[in-house]
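This report concerns only the one structure given below.
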Amino acid sequence: MNIKDIRNQFPILDQEVNGKPLVYLDSSATSQKPIQVIEAVERYYREYNSNVHRGVHTLGTKATDAYEGAREKVRKFINAKSMQEVIFTRGTTTSLNTVAASYAAANLKEGDEIAITYMEHHSNIIPWQQVAKRTGAQLKYIPLQKDGTISLDDVRATVTDNTKIVSVVQVSNVLGTINPVKEIAAIAHQHGAIMVVDGAQSAPHMKIDVQDLDCDFFAFSGHKMCAPTGIGVLYGKKHLLENMEPIEFGGEMIDFVHLYESTWKELPWKFEGGTPIIAGAIGLGTAIDFLNDVGLDVITEYEHNLSAYALEKLSAVEGITIYGPHDASKRAGLVTFNLADVHPHDVATVLDAEGIAVRAGHHCAQPLMRWLEVTATARASFYLYNTEEDIDKLVEGLVKTKEYFSDVF
Ligand code: 7TS
């Protein structure tokens, strides 16, 4: 991987922020977009903007082919058996809400259990809280080990024959932990439960094979993997999706509409009510081409080395607390930390003055913040366009932050 070539494909990186070259370390929130994706979206609007699946005119056919072509790219990217198992959504949040509002609402009853972990993003907590309230099911939490990992013994202790759904994040957006979702899926299945994987932070960075994971549902967002905002994916096993009701009704998703009854289109379209996110899907297809050209394995290894370097350099900063596993082999490309008693928003503000973009806050994981006994943290997250130099600048920025707030040290 030639990092110069890669960086050249991301025009946004070539700019100064607050008089300093931009160091973008917030890819877990949203990644930057390569020129190919920007141009693919532009080309759609300039050359063949049309609605899909409707008219027989040439532009409409071109747009439909591009939209459905993107679905096939997604199918291959996650190794789904059939494109009927690939539903375009607005993102991970919508995908998880769809599983909760459709599958879970219809299949849960009082006494049933849903198992999640303490390291879930709010998107993988609140939909389950809501459906638990509606159905009388109970939400249970798989505990975390001290280092922010999950032990399979704890999974075995939490998942019982009453468990109907297990939903776990593959890579934590706070701790960086890579969770053994394949093994957790096997435990879920032993008890007759289905396995849902939140892949928001994994799909952009590692090879995903839904058949190998044997998960029942897999959710991810395009905007964290070089695609535009507003497009995401829900993968589901066909036999489950076939037995689920849509949650949005209207155009595009129907077969026949009578006065008092209607029938739905076949999969995947019955879950795609209304005009879909056409430009977004086309952009996602192009983003997948880009990631495949670089190679997912290459990206994983590059980021692994980068995060090992970051862990080493950041650990040496006096007064820093790093959250999550300290063993680089157990984690993905992000480091969440606090700097002594300096509020993470102050850390992020001083870094911003140096042109360095990091995220500060609760990262949509308030239960995890409570588990960590903090209210907020700062987070630097990496992607294939980041360099060791970016991390050196972050370390320099943190030293400056310390000087700036020297009274608290
Ligand atoms: N799940 C995880 C693990 C996430 O990290 C995120 C977004 C979501 C779900 C929701 O994704 P969305 O595309 O539907 O919003 N995480 C973050 C983050 O860490 N900083 O900003 C957004």
Side-chain angles (χ1 to χ4, degrees), residues 24-33 74 87-101 116-130 142 144 148-150 166-179 181 184 195-206 208 215 217-235 247 277 280-281 283-284 287 303 307 323-324 331-337 344-345 348 357-369 371-372 374 376-383:
Y24 186 75
L25 295 174
D26 196 18
S27 294
S28 290
T30 198
S31 79
Q32 297 303 349
K33 320 301 174 201
V74 172
I87 296 159
F88 283 128
T89 66
R90 275 199 330 105
T92 308
T93 303
T94 313
S95 298
L96 293 170
N97 273 279
T98 302
V99 180
I116 62 173
T117 79
Y118 278 90
M119 68 169 92
E120 302 309 321
H121 186 278
H122 294 163
S123 298
N124 199 26
I125 301 175
I126 308 167
W128 307 120
Q129 288 177 347
Q130 293 298 107
I142 298 164
L144 305 186
T149 57
I150 292 173
V166 178
S167 191
V168 175
V169 69
Q170 190 167 19
V171 170
S172 160
N173 67 321
V174 175
L175 302 169
T177 320
I178 304 169
N179 289 320
V181 287
I184 299 174
M195 178 73 189
V196 184
V197 176
D198 173 351
Q201 300 292 351
S202 56
H205 305 281
M206 57 180 72
I208 301 297
C215 55
F217 294 100
F218 188 96
F220 61 103
S221 301
H223 71 95
K224 293 184 199 290
M225 49 182 284
C226 298
T229 51
I231 184 76
V233 173
L234 172 63
Y235 158 82
I247 57 166
I277 312 134
L284 176 58
E303 289 177 12
S307 55
Y323 303 100
R331 57 187 297 152
L334 62 94
V335 182
T336 293
F337 58 90
H345 281 130
V358 299
R359 175 145 189 216
H362 56 58
H363 313 288
C364 299
Q366 288 181 20
L368 179 58
M369 292 293 116
W371 183 85
L372 290 170
V374 296
T377 71
R379 179 188 68 190
S381 52
F382 320 120
Y383 209 4

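Whatever order the structure lists them in is the order used to number ligands and atoms, beginning at 1. In this text, all values refer to a predicted model and were calculated from it rather than measured experimentally.
Each of the following atoms of ligand 1 lies closer than 4.0 Å to a heavy atom of S28: 17 (C), 18 (C), 19 (O). Taking a cut-off of under 4.0 Å to the non-hydrogen atoms of V169, the atoms of ligand 1 that pass are 3 (C).
Remark: side-chain polar atoms of T117 are paired, donor with acceptor, to backbone N or O of M119 under 3.5 angstrom.
One option in R359, R379, E120 has a heavy atom closer to atom 19 (O) of ligand 1 than any other, and that option is R379. Of the candidates K224, H121, H223, Q170, K224 brings a heavy atom nearest to atom 22 (C) of ligand 1. If you check each of I125, T30, T93 against atom 14 (O) of ligand 1, the one with the closest non-hydrogen atom is T93.
The line from CE of M369 to NE2 of H363 is 5.0 Å long, rounded to the nearest 0.5 Å. Atoms CZ and CD1, on F220 and I208 in that order, are 8.0 Å from each other to the nearest 0.5 Å. Rounding to the nearest 0.5 Å places CZ of R90 at 10.0 Å from OG1 of T98.
For the ligand labelled ligand 1, residue S123 lies inside the 4.0 Å heavy-atom shell. Distances from ligand 1 to the non-hydrogen atoms of N124 include no value under 4.0 Å.
Among residues two or more places apart in sequence or in another chain, the salt bridge (charged side-chain N to carboxylate O under 4.0 Å, His left out) test is passed with R331 by none.
Within the 4.5 Å cutoff, the side chain of V168 has heavy atoms near those of the E120 side chain. Put simply, the side chain of R379 reaches to within 4.5 Å of the side chain of N173, judged on heavy atoms.
Among protein heavy atoms, atom 5 (O) of ligand 1 sits closest to Q201 NE2, 2.7 Å. Protein heavy atom at the shortest distance from atom 3 (C) of ligand 1 is D198 OD2, 3.4 Å.
By the criterion of a heavy-atom distance under 4.0 Å, both the backbone and the side chain of A29 are placed next to ligand 1.
Counted by atom type alone, S27 and S381 present zero donor-acceptor pairs between their side chains at under 3.5 Å. A donor and an acceptor atom, one from each side chain of T177 and S172, are nowhere located under 3.5 Å apart.
Backbone and side-chain nitrogen or oxygen atoms of T94 are examined, and none is located within less than 3.5 angstrom of a nitrogen or oxygen of ligand 1. Where the criterion is an N or O separation shorter than 3.5 Å, residue side chain and backbone included, N173 meets it with respect to ligand 1. Residue contacts with ligand 1: S221 is placed with a nitrogen or oxygen under 3.5 Å of a nitrogen or oxygen of the ligand (distance criterion only).
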